[in-house]
*Asks:* 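Dropping the structure in here first, questions after.
None of the values given here were measured: they were computed from a predicted structure. A, B, ... follow the sequence lines: proteins, then strands. Residue 1 opens every chain.
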There are 2 protein chains.
Amino acid sequence: MSATTENEAPTERQQAVLDAVLDLLVEGGDQLTMTAVARRASCSKETLYKWFGDRDGLLAATVRWQASKVRAGNYDRQKLDAEALRDSLEAFAANWLKVISSRTSIALNRVAVSHAASARSNLGRIVLDNGRFAIGERLKPLLEAGRAAGLLAFDDAEEAFRSFFGLVGRDVQIRVLLGDPLKLSTAAIERDSKHAVDQFFTLFEAGGTRPKIHSL
Amino acid sequence: MSATTENEAPTERQQAVLDAVLDLLVEGGDQLTMTAVARRASCSKETLYKWFGDRDGLLAATVRWQASKVRAGNYDRQKLDAEALRDSLEAFAANWLKVISSRTSIALNRVAVSHAASARSNLGRIVLDNGRFAIGERLKPLLEAGRAAGLLAFDDAEEAFRSFFGLVGRDVQIRVLLGDPLKLSTAAIERDSKHAVDQFFTLFEAGGTRPKIHSL
DNA sequence: TTTGAACCGTACCGTACGTTACGGTTCGGC
DNA sequence: GCCGAACCGTAACGTACGGTACGGTTCAAA
């Protein structure tokens, strides 16, 4: 038995299995049966149970595997001027929008939400820790650096981040989770990210000389 | 057969059945079996199928029933000064936060998200239409009245509403859907609503003389 | 009083799926 | 070459649940 505890990294063969799970999940959440996974990954069900314990263990390993693929670099740079801060925030926003609107993320969030309804597994917490809270922990140091550099003004980095989160995500995540055929092109993500960062600066820029921005 | 088409209102007996569904749903999403509903509502399964067609029909009727209970009044008033606009926006925000953090709404959104994964029913669309889009259609007239009264400045009411939606909801909905034990007291909802409306005015107030607000 | 529609409770059926068991194959170590 | 571990493919098991059938009861209309 391996890959069931959250610390062990899956072997290459196990990664192939987890990618098969992701494929099936994207193709339709209800197609994810153990038999289908075994067939798609060309492995036996016995092996699945040996490696992952049970169905929930397989799902948890899949979530962690996807999270490890999506983790982007930390945007810590030496000189932080207004331009660099804006670029980093826009990069954060664009990356986040790209992730939450991807078919893989939608499928994983759906199964995690489903499991959260019956508290028999901790999939929801895993997704939260690798999504919402992970990006929070990566973004807050940047916000605090911006404050230290005299570019931003706020009392609580957590609250500032939550505002940023809301300005960027808006209604996107709930809409895609509920099946709204919302398509976010790369250009739209770029534009929405800039817009959100503009709004964020309007709310939190230190000094307050920047004119307000209303339209796209 | 009745209550299956979206226009017929459920009879009193049927409402009792739908309330039983809501109860079971809140107690744990996986407990919602047709047998459990029949037992809880003291009715026969045959009646359930006669009234609602199948399991999905029962769920759809439940969503519509809950939506009909939650619909609040429209905030259209004659004289719209800055104070009235602010009050109305805060009332909208507080009501929305209260709804999305309620156990009933969480449970219903979870089953709708689950169903959206396998496109065999339109629960997701029903929830979107009665939630996200319903509040949008109710709020946009208020925003446009505010603009007509010279209190707000924006190009697109839909975009302004989406910003409002993000500032109010932030990370609340995804967190509760994923099982985060986030508790929103009435006082917290009140405070967060005021804060969100403050931020909204900072972004969209016409004229722009208001000082920016950073802290809680 | 009769009758029939509506409904309750329960037994029943078919199926899907998680889980286990097992025979056969591959392959690295001795 | 031999052994055992790991693994594949498939069959089998148990159960949960959606959906149906049916006998018994209530009750209102004729």
*Asks:* Heavy-atom distance under 4.5 Å between the side chains of B/Asp19 and B/Leu22, does that happen here?
*Replies:* yes

*Asks:* Report the distance from atom CG of B/Asp30 to atom C1' of D/dT15, rounded to the nearest whole Å.
*Replies:*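 Rounded to the whole Å, the gap is 15 Å.
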
*Asks:* Indicate yes or no for a side-chain donor-acceptor contact from A/Arg55 to the backbone of A/Leu32 under 3.5 Å, with no hydrogens or angles considered.
*Replies:* yes

*Asks:* Just by distance, do the side chain of A/Ser88 and the backbone of A/Leu85 share a donor-acceptor pair under 3.5 Å?
*Replies:*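 Between the backbone of A/Leu85 and the side chain of A/Ser88 there is no qualifying donor-acceptor contact (under 3.5 Å).
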
*Asks:* Are B/Lys194 and B/Asp198 ion-paired here, with the side-chain N under 4.0 Å from a carboxylate O?
*Replies:* no

*Asks:* Mind telling me whether A/Phe165 and A/Trp96 have parallel, tilted or perpendicular rings, with 30° and 60° as the class edges?
*Replies:*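 Correct class here is tilted.
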
*Asks:* What integer distance in Å separates A/Arg40:CZ from D/dG9:P?
*Replies:*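 Checked: the CZ to P distance equals 14 Å.
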
*Asks:* Could you write out each protein N or O paired with an N or O of nucleotides 18-22 of chain D at a distance under 3.5 Å?
*Replies:*
| residue | atom | partner | partner atom | Å |
| --- | --- | --- | --- | --- |
| D/dG18 | OP1 | B/Arg55 | NE | 2.9 |
| D/dG18 | OP2 | B/Met34 | N | 2.9 |
| D/dG19 | OP2 | B/Tyr49 | OH | 3.3 |
| D/dG19 | OP2 | B/Arg55 | N | 3.1 |
| D/dG19 | N7 | B/Lys45 | NZ | 3.2 |
| D/dG19 | O6 | B/Lys45 | NZ | 2.6 |
| D/dC22 | N4 | B/Glu46 | OE1 | 2.6 |
| D/dC22 | N4 | B/Glu46 | OE2 | 3.4 |

*Asks:* Taking only residues two or more places apart in sequence or in another chain, which ones pass side chain to side chain contact (heavy atoms under 4.5 Å, CB included) with B/Arg147?
*Replies:* B/Glu144, B/Phe154

*Asks:* Got a salt bridge between A/Arg170 and A/Asp192, using NZ or NE/NH1/NH2 to carboxylate O under 4.0 Å?
*Replies:* yes

*Asks:* For B/Pro10, does its backbone N or O pair with a side-chain atom of B/Gln15 as donor and acceptor, under 3.5 Å?
*Replies:* yes

*Asks:* Would you grab the first and last nucleotide of DNA chain C (5' to 3') that comes under 4.0 Å of any non-hydrogen atom in chain A?
*Replies:* C/dC17 to C/dC22

